[in-house]
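Chain letters run A, B, ... following the sequence lines, proteins first, then strands; residues in each count from 1. Owing to the predicted nature of the structure, the values given are computational and were not obtained by experimental measurement. In what follows, every heavy atom counts, from backbone to side chain, and hydrogens, waters and symmetry copies are set aside.
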Amino acid sequence: MESEKVIIAIAGKALSGKTLAADFLVSRFSARHIRISRLLERLLDLLALENNQDNAKKLGSVLKEIYGDGVLMHALLDTTEHNDRALFVFDGIRNLEELNELKEHGQCTLIYIDASKEKRMERLSKEENSKGTEEDLQNFDRSQGDNFTESLKQYADFTINNDGTESELEHELTRCIIQSLD
Amino acid sequence: MYHPEFGLDMFVIGIIGSKGAGKDTLAEHLSKVFRAGHHSHSEIYHDILKILKLPESRMNLIRLVELRKVFGENVLINALNKKLKENKKEIQIVTGIRFQNELDNVRTFEKNFAIYIDAPIEKRFERMKQRGKYNDDSAGYDEFVKVESAETEIHIPELGKQADFKLSNDDDLQSMYTKAEEAINSYLEKNGK
């Protein structure tokens with residue numbers, strides 16, 4: 001295989017299993033996991049601001065407001081330039097601008113991870129301070145601020161339903177990676 | 001306000017000046033003479049753009065003023081104080097003071113001294129041209145004048161009035177350096193060093 005870089009973008013609603021998927025790609029395919037949250041953490045540290053979800057969200061939005069929606073992806077893509085790894089996983093793509101920024105950069109496969117409302121409620125109920133009701137889920141979704149995520153489904157190269165077991169998810173992911181590397 | 005715990009006994013020299021007045025030239029000289037740390041408020045903005053891999057252009061820098069609206073007007077100050085703490089020098093020179101709260105922050109240190117450095121607009125334009133920031137024509141001059149009225153620049157003359165010492169940088173550099181060093185030394189004699 002040539003040393004061309006392949007980017008796997010993962011999108012999906014909160015609690016659909018994006019991080020699980022990314023972790024699997026790291027352990028199974030030696031992918032490099034690139035997270036927007038880590039970039040925001042660096043910036044918050046520079047600004048002497050506490051690294052919490054609220055500050056990260058505010059910082060992300062103001063930067064997108066002034067430099068455009070692709071700004072964080074643009075910065076993260078630069079990491080791929082200076083890295084020998086062949087496979088990169090971008091977890092938590094939230095809108096078309098971010099996806100386009102990735103696509104402009106080279107071969108990019110979007111995997112959309114889907115999970116039913118019931119499954120997501122079940123997963124939420126395992127988190128602290130939550131009973132996993134439908135209302136809890138709505139509030140949780142709102143707090144994540146990923147309003148446009150679902151619209152990315154139509155651009156996905158693969159959609160995986162993650163209502164099943166972890167090994168089913170892993171099996172599906174492997175199939176997607178093999179196909180996209182072909 | 002974020003404050004380095006041990007840092008209150010640092011001596012902080014604040015330098016206020018418009019674009020092309022020579023504040024960084026002066027700061028660089030003083031940092032050598034007094035073995036001081038040299039920081040600028042705008043360096044935080046440059047750091048941010050470096051992390052974001054964006055060009056450090058004037059427009060990109062000015063846009064970051066939005067951070068003040070989201071995280072409060074002290075955001076840059078807190079970041080700067082964190083840097084001062086990490087830098088651990090006894091004397092610190094801070095340039096690029098553009099807002100009242102930035103000067104107020106300098107004043108919160110037990111030992112502090114504010115210098116205002118000014119030069120006629122023509123001289124300042126001349127220097128900025130030499131740095132390749134503006135075209136050598138009337139359009140370039142108009143642009144320079146316009147930039148002077150940006151939110152980041154308009155408070156500078158007012159802040160200059162509150163300085164402990166005023167310098168005019170329209171003659172030779174050496175005499176400006178000497179005047180500044182004398183002023184700082186005389187402050188240090190009065191305030192114990």
Side-chain angles (χ1 to χ4, degrees), chain A residues 5 7 32 34-83 88 90 92-95 97-98 100-106 143 145, chain B residues 1-8 10 39-88 92 94 96 99 101-102 105 108 150-152:
Chain A
K5 293 181 196 304
I7 292 168
R32 165 95 193 261
I34 295 182
R35 297 178 184 89
I36 286 186
S37 60
R38 201 167 288 163
L39 174 68
L40 291 172
E41 194 181 311
R42 249 182 101 193
L43 291 165
L44 288 173
D45 180 60
L46 175 71
L47 291 168
L49 291 165
E50 197 189 327
N51 177 28
N52 58 38
Q53 215 176 1
D54 187 43
N55 280 340
K57 216 171 98 183
K58 278 190 199 159
L59 182 60
S61 338
V62 68
L63 291 175
K64 284 176 187 174
E65 204 176 290
I66 53 186
Y67 300 122
D69 278 334
V71 61
L72 301 175
M73 280 302 150
H74 169 84
L76 290 170
L77 278 165
D78 198 80
T79 351
T80 67
E81 303 262 312
H82 304 100
N83 203 291
F88 294 89
F90 283 73
I93 307 303
R94 284 162 188 251
N95 54 53
E97 281 77 9
E98 290 181 351
N100 286 339
E101 188 80 34
L102 290 177
K103 289 204 158 157
E104 267 175 36
H105 204 74
S143 76
Chain B
M1 214 173 278
Y2 178 95
H3 243 303
E5 282 153 35
F6 71 90
L8 275 170
M10 274 190 298
H39 291 280
S40 159
H41 280 89
S42 60
E43 87 183 44
I44 311 287
Y45 284 172
H46 284 276
D47 290 346
I48 293 175
L49 292 179
K50 278 194 188 95
I51 292 175
L52 293 175
K53 316 287 177 195
L54 291 174
E56 291 163 51
S57 66
R58 199 167 53 224
M59 266 325 288
N60 280 347
L61 290 165
I62 287 176
R63 282 178 183 153
L64 281 171
V65 174
E66 285 296 314
L67 287 176
R68 289 165 57 99
K69 293 183 191 153
V70 178
F71 293 109
E73 61 165 11
N74 288 334
V75 62
L76 212 52
I77 290 170
N78 294 340
L80 182 82
N81 286 352
K82 184 167 186 269
K83 279 206 155 190
L84 295 183
K85 176 184 176 178
E86 285 161 1
N87 170 295
K88 290 184 177 172
Q92 304 274 6
V94 172
F99 295 96
N101 64 331
E102 294 171 357
N105 180 54
T108 61
E151 169 65 15
T152 49

Contact origin within B:Leu64 toward chain A - heavy atom pairs under 4.5 Å:
both

State the CD1-CD1 distance between B:Ile62 and A:Ile66, to the nearest 0.5 angstrom.
12.0 Å

For B:Lys53 and A:Leu77, indicate whether the former's side chain and the latter's backbone hold a donor-acceptor pair under 3.5 Å.
no

Residue from B:Asn78, B:Asp47, B:Ile48 passing side chain to side chain contact (heavy atoms under 4.5 Å, CB included) with A:Leu47:
B:Ile48

Please rank B:Val70, B:Leu76, B:Leu80 by heavy-atom pairs under 4.5 Å with chain A and give me the top one.
B:Val70

Can you tell me if A:Gln53 has over 12 outside heavy atoms packed within less than 6.0 Å of its CD?
no

CZ of B:Phe71 to CG of A:Leu59: how many Å apart, nearest 0.5 Å?
4.5 Å

May I ask you to name which of A:Leu72, A:Leu46, A:Asn55 has the most heavy-atom pairs under 4.5 Å with chain B?
A:Leu46

Atom CD1 of B:Ile51 and atom CG of A:Leu40: how far apart are they, to the nearest 0.5 Å?
10.5 Å

Within this structure, what is the CG-CD distance for the pair A:Leu63 and B:Glu66, rounded to the nearest 0.5 Å?
10.5 Å

Of all the heavy-atom pairs spanning B:Leu49 and A:Tyr67, show the shortest one and how long it is.
CD2-OH, 3.4 Å

Which portion of A:Leu76 sits near chain B, non-hydrogen atoms under 4.5 angstrom
neither

With rounding to the nearest 0.5 Å, note down the distance linking CG in B:Leu54 to CG in A:Asp78.
10.0 Å

